[in-house]
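Everything on this sheet refers to the single structure shown next.
What you see below is based on every heavy atom in this structure, not just the backbone, and it leaves out hydrogens, waters and symmetry mates. Residue numbers start from 1 in every chain, and the chains themselves are labelled A, B, ... in the order their sequence lines are given, proteins ahead of strands.
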Number of protein chains: 2
Amino acid sequence: MGLARQRSGTNAFAMDVLCARILERHRDSVRVQKPHLAVPNLTRIIGATLTLSNKHGFHATTLRQLAEASGLSMGGLYTYFDSKPTLLSMILGEVAETVAEVLNQPPADVKQDARKHLHWIIATHVRMSEAMQPWFVFCFMEAKSFPPAERQRAIDMEVMTEKIIAGVLKQGVASGVFAIDQVTLTASLIKPLLQDWYVKRAKYRRRGTSIETYINAVSTFADAAVAGRTRPSRVATGSRTKSRQTAHP
Amino acid sequence: MGLARQRSGTNAFAMDVLCARILERHRDSVRVQKPHLAVPNLTRIIGATLTLSNKHGFHATTLRQLAEASGLSMGGLYTYFDSKPTLLSMILGEVAETVAEVLNQPPADVKQDARKHLHWIIATHVRMSEAMQPWFVFCFMEAKSFPPAERQRAIDMEVMTEKIIAGVLKQGVASGVFAIDQVTLTASLIKPLLQDWYVKRAKYRRRGTSIETYINAVSTFADAAVAGRTRPSRVATGSRTKSRQTAHP
DNA sequence: TTTCTTAGTGAGCGCTCGCTCGTTTTTCCG
DNA sequence: CGGAAAAACGAGCGAGCGCTCACTAAGAAA
């Protein structure tokens with residue numbers, strides 16, 4: 001909702017926008033009331049948490065490091081969360097909410113055409129994970145050390161994305177555009193192709209692989225796998241929809 | 001070398017075989033000399049390390065838990081390694097060595113045919129990761145918290161596998177069997193398909209997806225992506241080579 | 001100005017960590 | 001056997017963890 005109203009031209013995935021959403025959701029547990037103080041502080045806390053955790057792991061990140069990196073004191077941190085696990089669940093919750101919100105609202109014109117829809121999901125997911133890379137890496141790498149409730153939420157998030165893909169594949173098979181005999185398995189093989197972009201981001205950066213090149217390659221790869229009748233020879237490069245998630249550069 | 005001499009019928013990827021190889025490599029730092037004591041003890045230590053680390057993370061696994069789970073005392077553990085990071089590098093080193101050894105020695109008949117070779121790599125990698133699942137998961141999930149030297153080794157391992165795939169793709173393009181314009185990028189998209197089997201093993205187990213089904217699906221997927229002229233309609237199910245890594249059930 | 005509220009501080013608490021070392025138990029061979 | 005060498009033990013160490021709380025600074029209300 002906060003996300004849907006986002007003006008185009010503003011980055012809906014910017015740190016401070018996401019952190020403002022976190023604040024809204026945790027308004028009664030965060031003890032700082034004034035947004036003009038709370039938003040920048042929480043932004044620095046979350047930013048430091050993502051940076052440090054993605055380097056050494058969340059468990060290995062100490063609150064003293066976090067205090068130093070975010071410019072607050074030990075006690076100051078505890079006016080923004082009541083325990084270290086809470087901090088973790090703030091991040092996970094925001095990612096889960098955002099992913100669900102974005103992927104479940106494809107533009108109307110895209111829904112009609114299974115192949116278009118598949119390409120939209122690929123492009124949207126890759127671009128979203130690019131804009132929120134530290135967040136995605138955090139969820140992926142730390143999921144196993146989450147407390148049970150958060151862990152289940154991470155699994156649900158994974159399952160949801162796969163179900164969305166599977167749904168599109170099924171639609172494509174029904175309308176005769178795709179020819180797949182194991183829809184679920186195919187969907188679960190497309191998923192890791194989306195994840196590779198953020199899990200191994202450093203490798204692609206080193207090689208100079210652009211996000212458009214990557215989206216194009218995955219789309220071509222997926223097209224070949226779903227083996228439709230009308231097989232396009234190439235996916236248009238840089239084809240962006242008008243939707244908000246492409247607002248960032 | 002220890003691996004190459006393995007008799008067929010014996011599981012070359014069994015815990016105790018791998019741990020015996022670790023002992024050999026660390027003979028001068030392990031203080032227990034007698035193999036009939038050292039092998040079973042180290043096997044229990046490594047086993048407990050993998051189990052506990054894959055559940056909570058290596059960093060969160062304490063030496064007291066490890067002592068309890070392996071049936072040794074705190075002090076007893078330290079006759080097998082001199083520090084916690086050493087224990088980590090024992091595991092990583094063994095995986096790196098084994099992967100390199102196995103994937104770099106394809107059967108002679110397979111080397112000639114690029115498509116066969118690609119299928120062999122897929123089947124071999126998936127079967128190896130199945131037999132050594134906890135080891136592979138450990139390396140994948142803990143890589144970011146390795147000390148720099150070990151971390152580089154993990155990256156090298158990743159790069160090596162990808163290079164092997166890329167090499168086969170290049171060969172296939174040269175011999176006209178494959179038609180790909182971005183060999184490296186295609187290779188780096190095949191890699192996560194191999195990893196998904198062990199990273200998300202629980203999901204596939206829950207769904208009852210057999211290893212043969214998975215190998216077959218990935219092979220078909222890859223075949224479609226490399227878009228050769230002579231396109232086989234289906235990969236033979238359960239086609240095993242005579243090589244040692246298929247000895248386990 | 002004075003008072004009251006909110007945001008932020010940091011030394012210190014209880015606890016557990018990785019690791020050590022003097023001691024005890026087990027093994028093995030003459 | 002007996003006894004020395006090898007292996008295993010586990011209480012204890014200093015360090016550093018997550019977290020607390022008596023406190024101060026600063027802005028708003030009176």
Mind telling me whether B:Tyr214 and B:Trp197 have parallel, tilted or perpendicular rings, with 30° and 60° as the class edges?
-> tilted
Distance-only donor-acceptor test, A:Arg64 side-chain atoms vs D:dG16 base atoms, 3.5 Å = no
For the pair made of [atom1] in [X] and [atom2] in [N], what is the distance, rounded to whole Å?
X       : N      : atom1 : atom2 : value
B:Met74 : C:dC17 : CE    : C1'   : 9 Å
B:Arg44 : D:dA8  : CZ    : P     : 9 Å
A:Leu63 : C:dG14 : CG    : P     : 19 Å
B:His36 : C:dT26 : NE2   : P     : 15 Å
A:Leu77 : C:dG8  : CG    : P     : 11 Å
B:Asn41 : D:dA6  : CG    : C1'   : 13 Å
A:Leu37 : C:dT9  : CG    : C1'   : 15 Å
A:Leu42 : C:dA7  : CG    : C1'   : 15 Å

Below 4.0 angstrom, N of the basic side chain to O of the carboxylate: do B:Arg153 and B:Glu158 qualify?
-> no
Would you classify B:Tyr80 as touching base, sugar-phosphate or nothing, given that sugar-phosphate means primed atoms plus P, OP1 and OP2, and contacts are heavy atoms under 4.0 Å?
-> sugar-phosphate
Short side-chain N/O contact to D:dC9 OP1/OP2 from B:Ser73, under 4.0 Å | yes
Of A:Thr61 and A:Gly75, the one whose closest nucleotide on DNA chain D sits nearer the 5' end is A:Thr61
